[in-house]
Amino acid sequence: MVEYNPFTVAQAEVDRAADLLELEPAMRELLRWPLRELQVRLPVHMDDGSVQVFEGFRIQHNDARGPTKGGIRYHPAETIDTVRALAMWMTWKCAVVDIPLGGAKGGVICNPKEMSEAELERLSRAYIGQVGRIIGPDRDIAAPDVYTTPQIMAWMMDEYCRLSGNSDFGAITGKPLGIGGSLGRNDATARGGWYTVREAAQELDIDLGGATIAVQGYGNAGSYTAILGQQLFGCRIIAVSDSSGGIINEAGLNAEAVLQHKARTGSVAGFPAADSIDNGELLALDVDVLWPAALENVITADNAAQIKAKIVAEAANGPTTPEADPILYENDIHVIPDFLCNAGGVTVSYFEMVQNASRDQWSEEYVHQRLDKKMTEAYHTVGDVANHHGVDMRTAAYLVAVQRVAEAVALRGWV
Ligand code: GLU
């Protein structure tokens, strides 16, 4: 099996869009690299009295359209290149939903599952202690991602305000409600994804009521995907998985009950009313909608031919490799690409920033309405480009996003 470097993949994707858009060499060079990269060492006092030095990153890809924005991941397999790729994808994500922000990402190499609350708090404060000098409400705004939570955002926000001396709540989004978080942020990634799937289902004549769903990954995006699929459309969630295993029940799983089981036991595996299934089998299920909702590189040249879903909705960042894409396209599988499908999270983060800046609080209904409008418009803009140029949805999403960023770069006179 090929080992994928997500940054190489991300650069190849930009190169392709740049060719189609006939961008100048200097523009390409600028867009295929991050503008700024900060690599930090974080000494953290552990509960056993030892000090562990963690390695972290904050990478700002492009701020031509506005301050950079993006989450922070805590993951043992994080590298500078995964963070670079994710930062670049944030630039395209903000551009495709047309919010006035650029792209960034942060990461710390650590295993949060093996750390106590107190250790996580000290790590999060240490991270802001270093990265605080390059972020801020008008520079670069951080947010949650894989294995980072609203509580972690609360500590980070507090540490940032301590450094700046101001109530800079808008430096971090995805905060708990009581300290400037937004209603509707928790399930925003999944909800935004469902708005795009709703539009796709209409085009493909799929009735979502009773439609079959499989979800790979049961963190924030995956669990809310399953819950909202049931709540909003009456879908049948037949299989879900996480890093420890998967479960299947053709009659439908109760997504809330699965989440409670995971909260109790640490995994969806072993859920009583289901049989077990591995990740490979889950991806190959004959379902209406398959949601990869975990990490990069799960749909590859090795398994793409086995995918039978009518729609692949990419809630994760980078789940499909470039070699897998043409196979899915030839097999008439409608892929809603990651930086379009999962843009709901950053869109509501943007709403959170707007509320923080204006000291306002929006109702949940208003957040949902505005999110729906953004996602639906973006889906159709990309769909129109795909139809017009006869290309797949990912290529079309790149054409829309890269074009918007290149326009901003040119207007500002950088290239
Ligand atoms: N981490 C999420 C993403 O990859 C959300 C980013 C944000 O809210 O800034 O889109």
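For clarity, every value in this text was computed on a predicted model and none was experimentally measured. One-based numbering, in listed order, for ligands and for the atoms of each.
Partners of W414 according to the ring-ring contact (aromatic ring centres under 6.0 Å, His included) rule, which considers only residues two or more places apart in sequence or in another chain, do not exist here. For Y329, there are no ring-ring contact (aromatic ring centres under 6.0 Å, His included) partners, not counting sequence neighbours. The ring-ring contact (aromatic ring centres under 6.0 Å, His included) test applied to F54 returns no partner, not counting sequence neighbours.
W89 and F7 have their aromatic ring centers separated by at least 6.0 angstrom.
Annotation: the span from T347 atom OG1 to R185 atom CZ amounts to 9.0 Å, rounded to 0.5 Å. To the nearest 0.5 Å, the span separating SG on C110 from CG on L120 amounts to 7.0 Å.
Under 4.0 Å from any atom of ligand 1, one finds heavy atoms of residues K69, G70, G71, M90, K93, K105, A143, P144, D145, R185, N317, G345, V346, S349.
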